[in-house]
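A note on names: the letters A, B, ... follow the listed sequences, proteins ahead of strands, and every chain is numbered from 1.
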Amino acid sequence: MIRIEPREKISNSSTVLIPIIAAVVSLLFAAIPLLAAGANPFVAYVEMAKGVFGSVFAISEMLTRATPLIYTGLAAAIAFRAKLWNIGAEGQLYLGAIAAVTVGSGFFDLPAVLLLPLIIVLGGCAGAAGMAAPTYLKVRFGADEVVTTLLLNFIIIIFLQMLLEGPLQDPMGLGWPQSAPILDQGMFPPLIDRMRIHSGLILAVLLAVIAHFMIKYSVWGFKLRAVGENSAAAKHAGININRSLFGVALLSGGLAGLAGVSEVAGLKGYLTADLSPGFGYAGIVVAMLAGLSPLGVLIASVFIASVFVGADSMSRAMGISSFLADLVVSVSLLCVLVGGFISKFKIVRAGTGKRFK
Amino acid sequence: MIDILNILLTDSFWAASLRIATPLIFGVLGALICERSGTLNLGIEGIFVVGAMCGWMATWLGAGLWGGIIVAFICGAFFGLIHAVLTVPLGLSQHVSGLGITLFATSVSYFTYRTALPDVASPPRIEPFQPLDIPVLSDLPFVGLVLFQQTALTWLALLMVVLVWYVLNRTNLGLAIKAVGDNPNSVDAQGLSVYAIRMWAIVIGSALMALGGAFLTMSAFDAFFFGMVNGRGWVCIALVIFASWRPGKALIGALLFGAFDALQVRLQTEMGAFVPGQVFLMAPYVLSIVALVIAARSADYPRALLTPWFKGQR
Amino acid sequence: MEASTVLRLKGLTKRFGPILANDDITIELQKGEVLALLGENGAGKTTLMNMLFGHYLPDSGNIEIKRTDDNLVPLELGDPSAALAAGIGMVHQHFTLAENITAFENITLGAESLFSLRRNQKKAQTKIKSIMSHSGLDAPLDIPVGKLSVGERQRVEILKALYRDAHILVLDEPTAVLTPQEADSLFSNLRRMTNQGLSVIFITHKMREVLSFSDRLVVLRDGKNVGSMKTSDASEKKIARLMVGSETQKVSSKRIKPGGPILSLNEISVAGQSKRDSLHEVNLILNSNEILGIAGISGNGQNVLADLISGLVAPDRGSIVLKGVAIENISPFNMIKSGFGRIPEDRHRQGIVGGLSVSENMIIERLDDPQIQNFGFLRSSVINKNAKTLSEKYDVRGPGIDQASRLLSGGNIQKLILARVFEKQPEIILANQPTRGLDMGAASEVQKHLIEARDRGGGVILISEDLDEILGLADRIVVMRDGKLHDAISNSREDIGLMMAGDST
Amino acid sequence: ADKIKVAAIYTLPVEQQWISRIHKALNTAASRGDIEYVYSENIANTDYERVMREYAEQGMQLIVGEVFGLERAARKVAKDYPDTAFLMGSSFTPVAPNFSVFDNWIHEPSYLSGMVAGAATSSNLIGMVGGYAIPEVNRLMHAFMDGAREVNPDVKFLVNFIDSWYDPPKAKESAFAMMDAGADVMYAERFGVSDAAVERGVKAIGNVIDTSGDYPGTIMASAIWHMEATIDKAVSRVADGSFEAADYGQYSFMAYGGGSLIMDESLMSSETAAAVKAREAEILDGLFRVNVNDARPTSDN
Ligand SMILES: Nc1ncnc2c1ncn2[C@@H]1O[C@H](COP(=O)(O)OP(=O)(O)OP(=O)(O)O)[C@@H](O)[C@H]1O
Ligand SMILES: Nc1ncnc2c1ncn2[C@@H]1O[C@H](COP(=O)(O)OP(=O)(O)OP(=O)(O)O)[C@@H](O)[C@H]1O
Ligand SMILES: [Mg+2]
Ligand SMILES: [Mg+2]
């Protein structure tokens, strides 16, 4: 018989080593589909590395993919800290994007110094509103937010399709369900010429650092942690739970909204209903991998983005089905999850004795 | 209003509702069993895909329809087992593991499918389950069409509702599942294995979810397509809560959703000229939220949901 | 007749990280014996019993048990089902009941095969009925446990153990939530069963129970077995010396003259979800320099009253008047601001945020204090210094002030709460079951602080099911029954006990 | 000569009808030995630009794909790689020197298939189930409806979009609902519709791909898209170095063999077949122009 017990002390070397080992193991697992598809795994690993780190372009692409994950990862991390299960980052992302194109595509013809901040603020507000509604339903009616936020994702995306065929449709778009483009001065300035990486990344990193300090050192963060750990005791101690929850909800929704702003005003320029390939859901994974730590979110986003971009590019180089990319991402996700477990727990063998009956 | 009434009175509408509800019934029952034992299984969306792919693929390779169903069941159980190992003895985050399983199950299915059939313009078809044609019953007015011209899988789903209800409410096993989802210590102190009960619940629950997927490719349609699960798994997660974790209510929830969906199709067709089509597409989801808000007060969570339990720790 | 050994714990050792919870403990239990296991909070009593029952796996040592007439045989360790099969029944310190199923279902859970197609309810019913009449323990069987009172749950726990044909029964603080009368009847029932061959180990902090009901006692200190004696040779003093290694004296309160009224509840009514959490036209006056004891059997409305004074529920009718001014906005925050200090009943769930550190829990009620925060940011140096000072002053012992507070033992958690509450010198203190489950040392520490607060000029509302505690501390006693308050007609144990039970008129 | 290196990037799996036609044409060219063909399917719009650049970096000579969701970005990439030829499904204009566009302009055969349907319906109600209401889809639906109205002015249409490219069970339910409402001919824009038609013994009209083999006796006619004309043209231009920005849309017209109508004449009257053929000839001769209407079609009431 075996037993699982927490490790007395988590050694420094294991916190570094175990994720690395997990990554290696996940690569070994990835060899199975590679072999099944008749490819040489070693060549594949080299191609994968090249796909992420092989050039400035590759690195920039990886960071571009990581950018929205940072926002949605932060959104989930903050909400989950307060045990507010926001599964609706996907929908909130679209709300942010909707706000961004609504104000950014010519409604206000402002100079860049005004327009971009306006887009950011309104996009954040839209996302925040998207989380405020389910939080209200939770607080007022006790409606479970996992369900409401999940269902809202579908509703918002369908609503978006309606807008894109109606008021938001680009009159110059030849009937395509897409919005008019955001004005040039409303776009996040690019970071490198001729590459997609944009300053939305800077904002994301900045927000992660701010979130880290707020959670750790501010009264607001203290309350958030107290509510999340034990809301009954927090209430007893005079903390206004509802106010805390709403604060967290607005922030979480706002961050998810910014993911939409960053994608639409940083990358694509206009809005379509397929803006996000599931960034909202991936954000949950990122947040949990990061142990709900804002700084951890930065690392986890880069990790997920690297694996995806690397595996995707490798599948192309090797002529294997590009569904391989998601497969490798999911396998490494599960491996890292188990790795995190191994660094915190140990498995011990139990003694034996006589059994009655 | 008259339109809606007319629609509600037709047997074909209710037959469609039950048809649309069938995969949801499997899914919501599966999710219900998992959650009753204390584990959220967000792997459901991916397990649907696995069920759809494997059931169909097995049948296509010659396993026969029921052979395909068994394969789907086993494949669902396998991915359930992964989730079970990760979340029960290892106690890892149920959210991440679940989403990870969804991604993993989906990508494995897609990759396998594509590697097996690299170049198909349209996927091969199987001979799917046919509507049961029960001599006298099928010809009865109204219920004949609604109930007795469904496929065997729909009947299996209805049977599962009864079975799950019976197990939960009339057997010791059901007692143990309910108890372990409320307070694992209660089960542990009675000498039962919390791990075993939870893991089996997840494995069996996931296998049921896979049947929901298999229905899509083996009864509702006769081929596998990427993306054809189309969020049905997520809907089940919502329906479980709507159902307050009760099999009977789960059936009602699934039927309601099916009815909204069937109504949506019919209204969109008739009134599409006046109202944007998306309004109707949204309706099932909006109404689900409304129903939840109304039902929320009475929803009592399995208290141990989402909380991992370790032996010998307090 | 020479008693025979039915159980032998040999050299059991258990470590939790740095804590040596049990250190080479050896204990024997004789047939038909009632053995009391004593020790301070954190001494390792529960840990030892959890190893016996298979919840914990010992690091070393073994357990031998006698089933029928043969020799002692080793017990498979680390598996509750083995312990159950060997005839060990355990009533846990913290309830192990599923609240969503009935008492009957909790009792029979796991006794039959999981895979039988039907539940054999008849036979089980009869068996439980017969155990009930044998043991005198009674509880409603057919409603979900979530709806039972704490006392009822405790009895279900014991029934559960007896149902599995236990011949060794372990009771971990079974009376912490029972009234004295309930406890008395529990022990007399147990005595009856030991005469029929049952052996009992029970853990308690109440000396009265040890002295009047046990045959022998074993004392643990810091995880070691520091002594064992026949109860007939023991005295309260002797035991205390063994437990703490020195003598402690019982707190006794010198009466002083109460001052004027500082708090009054006027005609307060609360319509709760059930009878258990409703109040009916409650009038109460608390004076300064006074400890007001509220006696009563749990489930008679004490918790709503506590919630009301904590600001968690607002009255449907009536008013709370603080020094002549009615409190307008009733919320926990405003109650703290107005000078209330509260020691909640359930310290784990309501008292501390287990995931936050000790130092953070010490300031959780004064987050808006400018000493604690600067422009919305916490001043960690001040907070740490505060925690260090308070930990010393109130003797909060644990793994460290920066560690999660859930790692503290029950007694130390209570001290943490005391430190937080008393340091603010509140005018009005609500103490709800403040010494429940605490050892003597910790309990007298709490009581001393309550008296100190009174002597300083504060008013204390003491809600307790421990009648001895109320009789010892309170300056005035009221009895709570069915959501109403009744003035005690006298301060005699019998009269109050009768009023609690509802026979006063 | 050396084989031309061609890469295709699809936003959906190659089973999707529209994409399957491009994929098929490229596979044909590859099996002929003209090109070396690689592809990436199911590429999210977010990743599309990266994939374009990766292929361009790999030295692909011709990159084929669809840029409806990212018109601007795609043109930026083309500008960065002027030596690579781009042939993209797009609603907008080509950009010199190397960005060409195409689209499935098979409104002509769609019109003809509409004539078949209009003549076939006896309830005068035709059901149409679509994926998304995008111009590529709307345009063909309108052409179809125009054709049906030409032969049967009383015909009415039920239109439904399921908002998914792949949900055959849902498309099937939509079709059933329409047949419940009286539709006796189905326009099968999505997988699933023809299956419903078979189950109810109703006739169906195919679109883009030829599924008549799968549903014999049900599919009366189909408007087929042939990408071969477009692909072969582009490949040969890359081969002889004459590739330049152009609109290849016309190569989907019937006149270029990019679109065609197939009919199962056993399922219709000879007059209908004759009328359709006459119209077909007029179209081929440039005597008849089918209207282009990209607006979202709605049900008649
Ligand atoms: N599962 C566990 N993990 C870590 N530490 C534990 C665990 N169980 C007990 N301990 C620690 O072991 C020590 C002994 O705890 P135990 O519960 O046995 O004390 P106790 O004598 O029952 O005290 P009390 O009278 O408060 O119930 C304490 O310091 C406690 O914090
Ligand atoms: N929610 C509850 N409902 C009823 N009784 C409870 C509840 N929580 C605790 N109790 C009982 O109250 C008593 C006091 O337990 P508590 O855990 O508060 O302190 P403790 O015993 O000192 O803790 P520790 O085990 O750490 O020493 C226990 O006997 C427990 O069974
Ligand atoms: Mg204890
Ligand atoms: Mg205790």
Item to check | Nearest non-hydrogen partners of B:Ile289 and A:Leu152, listed with the distance | outcome: CD1-CG, 4.2 Å
Checklist entry - In Å, rounded to the nearest 0.5 Å, how long is the span from CD1 of A:Ile155 to CE of B:Met282? => result 7.5 Å
Checklist entry - With ring centroids as reference points, do B:Phe111 and A:Phe323 lie under 6.0 angstrom apart? => result no
Next on the checklist: Can you tell me how far apart CG (A:Asp326) and OH (B:Tyr110) are? Round to the nearest 0.5 Å.
Outcome noted: 9.5 Å
Checklist outcome for this item: Interatomic distance, CZ@A:Phe80 vs OG@B:Ser93, rounded to 0.5 Å, equals 8.0 Å
Item to check | Close side-chain approach of B:Phe104 and A:Val331, heavy atoms under 4.5 Å | outcome: yes
Item to check | Engaged part of A:Leu150 at the chain B interface, taking heavy atoms whose separation is under 4.5 Å | outcome: side chain
Checklist entry - Does A:Phe159 CZ have over 12 foreign heavy atoms under 6.0 Å away? => result no
Checklist entry - Tell me, which pairs form a side-chain hydrogen bond (donor to acceptor under 3.5 Å, both in side chains) where one or both residues lie in residues 253-263 of chain B, sequence neighbours left out? => result B:Asp261-B:Gln264
Checklist entry - Is there a side-chain contact between B:Tyr285 and A:Ile158 (heavy atoms, below 4.5 Å)? => result yes
Next on the checklist: Which atoms of A:Ile87 are under 4.5 Å from chain B, going by heavy atoms: the side chain, the backbone, both sets, or neither?
Outcome noted: side chain
Item to check | Atom group of A:Leu333 that falls short of 4.5 Å from chain B, counting heavy atoms | outcome: side chain
